[in-house]
Amino acid sequence: MTAFGERLAGALGTYGPLCVGIDPHAALLADWGLPASAAGAREFGLRVVSAAQGRVGIVKPQVAFFERYGSAGFAALEEVQTAAREAGLLVIADAKRGDIGSTMDGYAQAWLEPGAPLEADAVTVSPYLGPGSLRGTITAAARAGKGVFVLAATSNPEALGLQSAEVTVVDAQRGQSVADWVAAGIGWANRAAAEGGGLGHVGLVVGATVDRHDVGLTDEALRGAPILAPGFGAQGAALRDLFAVFGPHAHQVIASASRSVLAAGPDGVAAAIDAHRHELAEAEEASRG
């Protein structure tokens, strides 16, 4: 079984950092001429998978836009994720689950257990019951060759006050921010991979529109962690700025773009993906010069 960090590194090396979001919200479904239903979300997702195959290595379904249709929506999501994985794409389920004890174990089994109906390659999780609440999920992910992406520094404006606040718990360093404490709290899982110069299986969600220094997120905390960076495209961050924004950690970044790709419509998604990839390739070349 190949570790998630190794598979991710392979996808990044082959296709570059672009990750295509699969976000079938009502406005996009209407623009695509699809019904606002589980069937519409299914068709939308399968078309995105078809366009993404062979162009990118990673897709990120937004679970909420399927979940809102109930059991039929979950069935649609199962089909989309299965099709994506069969197409050779890594699937990051953007579910943002978070809890403690057996409840969190249940979420891990739902999203990360091999053979589960909702099986993905990785899932996003919330650490705000404390990083220790994720230990069981992180361990289960490692056993299954899966990944976990922990919210650390999100791009929504109201998050800054919370994530930059100084932590006062016993194991925190003086002046350490919540974001850095969260990142440090999961760092143990990536230590071996980082020491070998690779990527671990526990990533961090760091918004592309966030200055990580504003939230106190240190370079050491990012060591060995894949970085899932939403916010490119419609949310305001430019793909060409990836290498300037993330600096020495740019090679760890998964650049997630959704609306800027999906707004091209069903007949334009493939070309939009190609254009985004081209912009990233030019930015990488410029960063080397």
Please tell me whether [X] and [Y] have a donor and an acceptor in their side chains that are separated by less than 3.5 angstrom.
X      : Y      : value
His201 : Asn190 : no
Gln252 : His249 : yes
Gln163 : Thr154 : yes

Within the 4.5 Å heavy-atom criterion, are [X] and [Y] side-chain neighbours or not?
X      : Y      : value
Lys146 : Phe4   : no
Tyr128 : Val178 : yes
Ile227 : Phe246 : yes
Pro230 : Val205 : yes
Leu12  : Leu8   : yes
His276 : Phe232 : no
Ile22  : Phe66  : yes
Asp94  : Lys96  : yes

Enter the distance from [X]:[atom1] to [Y]:[atom2] here, rounded to the nearest 0.5 Å.
X      : Y      : atom1 : atom2 : answer
Ser50  : Arg55  : OG    : CZ    : 8.5 Å
Lys60  : Ile254 : NZ    : CD1   : 10.5 Å
Arg212 : Ser164 : CZ    : OG    : 16.0 Å
Arg42  : Glu79  : CZ    : CD    : 4.0 Å
Glu86  : Thr82  : CD    : OG1   : 6.0 Å
His251 : Phe243 : NE2   : CZ    : 11.0 Å

Within one Ile-Leu-Val-Met-Phe-Trp-Tyr cluster: [X] and [Y], side-chain cutoff 4.5 Å:
X      : Y      : answer
Val150 : Leu129 : no
Val210 : Leu239 : yes
Leu160 : Val182 : yes
Ile92  : Val56  : no
Leu280 : Val269 : yes

With side-chain contact (heavy atoms from CB on, under 4.5 Å) as the test, would you mind laying out the steps for Trp188 and Ile138 before giving the verdict? CA-CA 10 Å; Trp188 58 272; Ile138 289 170; 3.6 Å; yes
Decide salt bridge (charged side-chain N to carboxylate O under 4.0 Å, His left out) for Arg259 and Asp23; before the verdict, give the C-alpha distance in whole Å, the side-chain angles of both, and the deciding distance to 0.1 Å. CA-CA 8 Å; Arg259 279 175 289 172; Asp23 297 7; over 6 Å; no
Short side-chain to backbone donor-acceptor contact, [X] and [Y], under 3.5 Å:
X      : Y      : answer
Trp32  : Leu262 : yes
Asp211 : His213 : yes
Ser177 : Asp180 : yes
Gln81  : Leu118 : yes
Arg97  : Ala95  : yes
Glu119 : Gly115 : yes
Thr103 : Asp99  : no
Ser133 : Gly130 : yes

Assess the residue pair Leu134 and Met104 against the criterion (side-chain contact (heavy atoms from CB on, under 4.5 Å)); give the C-alpha distance rounded to whole Å, side-chain angles, the decisive distance to 0.1 Å, and a yes or no. CA-CA 8 Å; Leu134 302 175; Met104 197 63 209; 4.1 Å; yes
Evaluate the side-chain contact (heavy atoms from CB on, under 4.5 Å) criterion for residues Leu204 and Phe149: first the C-alpha distance (whole Å), next the side-chain angles of each, then the deciding distance (0.1 Å), finally the verdict. CA-CA 5 Å; Leu204 296 167; Phe149 285 88; over 6 Å; no
For the student: nearest non-hydrogen atoms of [X] and [Y], plus distance:
X      : Y      : result
Ser260 : Ala272 : O-CB, 4.5 Å
Gly73  : Ala38  : N-CB, 3.7 Å
Ala238 : Glu279 : C-OE2, 4.4 Å
Val59  : Ala52  : CG1-CB, 3.9 Å
Gly200 : Pro226 : O-CG, 3.4 Å
Leu90  : Ala11  : CD1-CB, 4.0 Å

Decide yes or no on side-chain contact (heavy atoms from CB on, under 4.5 Å) for Val20 and Val48, but give the supporting numbers first. CA-CA 8 Å; Val20 175; Val48 176; 3.8 Å; yes
Please determine whether a side-chain nitrogen of the Lys or Arg among Glu284 and Arg288 lies less than 4.0 Å from a carboxylate oxygen of the Asp or Glu.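 Salt bridge present between Glu284 and Arg288.
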Heavy atoms of other groups near Ile100 CD1, more than 12 under 6.0 Å: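 At most 12 heavy atoms, drawn from other residues, nucleotides or ligands, come within 6.0 Å of this atom.
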If you count heavy atoms of other groups shown closer than 6.0 angstrom to CZ of Arg85, is the number above 12?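 Yes.
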Should the ring pair Trp111 and Phe74 be called parallel, tilted or perpendicular, given that the plane angle runs from 0 to 90° and is split at 30 and 60?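 Because their plane-to-plane angle lies in the 30° to 60° range, the rings of Trp111 and Phe74 count as tilted.
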If you link I, L, V, M, F, W and Y whenever their side-chain heavy atoms are under 4.5 Å apart, who else ends up in the same group as Phe65?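 Cluster partners of Phe65: none, it stands alone.
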